[in-house]
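Data block below; observations after.
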Amino acid sequence: GRTAGIAITNRGSSLYFAICAVMGFTGLLYLALGYMKPRRDRLFHYITAGILFVASIAYFTMGSNLGFTPIAVEFPRSRADVRGVYREIFYVRYIDWFITTPLLLADLLLTAGLPWPKIAWVVLIDWVMIVLGLVGALVQSRYKWAYYAVACAALLYILYELLWTARRHANIMGPHVRRTFQVCGVLTIFVWLLYPIAWGLCEGGNYLAPDSEAIFYSVLDFCAKPVFGALLLWGHRKINTADLGC
Ligand code: RET
């Protein structure tokens, strides 16, 4: 809908609240399942539940139509009455991602048994990617695409590390680690590549209205967090956390 020249989401709000509930519920579920395991095997439950609780708060914020700022659209398009001259940019997404994407990478890379300096390095590149995406989203002019391009390069580097370094490492850690990393890694590569596409159509190019943005990102976040978490924790039922060096 359009309020004072700003295209904001109306129908997206209920979807955001629904995802908020899903994230909160699965967070509690994964935490409870962790408490049914011996203390030494709870690490991945804590990480995954933490991811879901942070996401739940972000989705509550967006459902309440908070955590956004209006940004002038570079080229208001013909259906400007739908999209508005300003666009609602949810900066709270990036605060969520700044916290949760490193934890998702920790889930994956700790499972692969990578040494911590390598994990820290990949997390640093991930932070660069998220911050550049945020700055690009807040920039009004076409310079936003320069930030976007560098962020995309950072994403490709992260995916290269998953596909090359981490996969090879996981393969020598036994069949359960190999299988779990394979399933969660493939999901990650596939879903993470869709985020820059969503960004380009929403924050970047203003091709999709905020209602569609709500659907697009909600589907991606649902796959990247609750579904990813379920597959990871399912895989870990046969993995000894201590064998991973953590
Ligand atoms: C941005 C825009 C700039 C270019 C790129 C991006 C990538 C974002 C990614 C986000 C992943 C988020 C996840 C959230 C968890 O639910 C910042 C959109 C490359 C990969 C997994």
Side-chain angles (χ1 to χ4, degrees), residues 15-16 18-24 26-27 30 47-62 67-68 71 87 89-109 122-139 142-163 184-208 210 212-232:
L15 177 59
Y16 284 137
I19 300 285
C20 163
V22 169
M23 298 284 188
T26 49
Y30 297 167
I47 297 176
T48 309
I51 292 166
L52 290 160
F53 292 142
V54 170
S56 183
I57 296 169
Y59 271 86
F60 179 86
T61 307
M62 295 189 286
F68 79 90
I71 296 294
R87 186 188 176 90
I89 299 290
F90 282 111
Y91 60 79
V92 72
R93 273 191 213 294
Y94 301 86
I95 301 176
D96 169 345
W97 297 345
F98 194 83
I99 299 170
T100 59
T101 54
L103 293 173
L104 289 164
L105 289 172
D107 259 348
L108 261 181
L109 300 180
V122 175
V123 164
L124 192 71
I125 302 297
D126 176 76
W127 275 334
V128 169
M129 174 186 80
I130 300 297
V131 171
L132 291 178
L134 171 63
V135 174
L138 298 178
V139 165
R142 64 187 190 281
Y143 286 103
K144 60 166 70 241
W145 296 105
Y147 288 91
Y148 177 76
V150 180
C152 285
L155 174 61
L156 291 181
Y157 175 75
I158 294 166
L159 298 185
Y160 158 81
E161 288 289 352
L162 289 185
L163 211 61
C184 297
V186 165
L187 176 72
T188 298
I189 291 175
F190 183 72
V191 175
W192 283 41
L193 277 171
L194 293 173
Y195 280 88
I197 295 174
W199 191 98
L201 295 173
C202 301
E203 287 103 321
N206 195 40
Y207 293 102
L208 293 183
S212 314
E213 173 187 335
I215 299 171
F216 204 149
Y217 278 126
S218 295
V219 171
L220 294 188
D221 283 355
F222 179 75
C223 296
K225 285 171 170 143
V227 174
F228 171 91
L231 294 172
L232 184 98

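Indexing begins at 1, ligand by ligand and atom by atom, following the structure's order.
- Among protein heavy atoms, the minimum distance from atom 4 (C) of ligand 1 is reached at Ala151 CB, 3.4 Å.
- Using cut-offs of 30° and 60° on the angle between ring planes, the pair Trp145 and Tyr148 is perpendicular.
- With hydrogens left out, the protein atom closest to atom 21 (C) of ligand 1 is Trp192 NE1, 3.2 Å, a heavy atom.
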Residues 126-138, side-chain donor-acceptor partners within the protein, below 3.5 Å, at least two apart:
{"residue": "Asp126", "atom": "OD1", "partner": "Thr101", "partner atom": "OG1", "Å": "3.4"}
{"residue": "Asp126", "atom": "OD2", "partner": "Thr101", "partner atom": "OG1", "Å": "2.6"}
{"residue": "Trp127", "atom": "NE1", "partner": "Phe98", "partner atom": "O", "Å": "3.0"}

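- Scanning the protein for heavy atoms near atom 5 (C) of ligand 1, the closest one is Pro196 CB, 3.9 Å.
- Trp199 CD1, 4.2 Å is the protein heavy atom nearest to atom 1 (C) of ligand 1.
- Among all protein heavy atoms, the one lying closest to atom 8 (C) of ligand 1 is Tyr195 CB, 3.6 Å.
- Checking only distances, Asp221 does come within under 3.5 Å of ligand 1, N or O to N or O.
- Looking at Ser218 and Tyr59, their side chains come closer than 4.5 Å, going by heavy atoms from C-beta outward.
- Nearest heavy atoms, Ile215 versus Leu15: CA-CD2, 3.6 Å.
- Looking at Ala154, Gly133, Gly204, Ala58, it is Gly133 that brings a heavy atom closest to atom 17 (C) of ligand 1.
- Enclosure of atom CZ in Phe60 is not indicated, since only 12 or fewer non-hydrogen atoms of other residues, nucleotides or ligands lie within 6.0 angstrom.
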List the atom pairs, donor and acceptor, that lie under 3.5 Å between side-chain atoms in residues 184-191 and the rest of the protein, sequence neighbours left out.
{"residue": "Thr188", "atom": "OG1", "partner": "Cys184", "partner atom": "O", "Å": "2.7"}

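- Ring centers of Trp199 and Trp192: at least 6.0 Å apart, outside the cut-off.
- Annotation: Thr101 places no N or O atom under 3.5 Å from an N or O atom of ligand 1; distance criterion only.
- Residue contact check: Leu104 has heavy atoms under 4.0 Å from atoms 15 (C), 21 (C) of ligand 1.
- For ligand 1, the atoms closer than 4.0 angstrom to any heavy atom of Lys225 are 14 (C), 15 (C), 16 (O).
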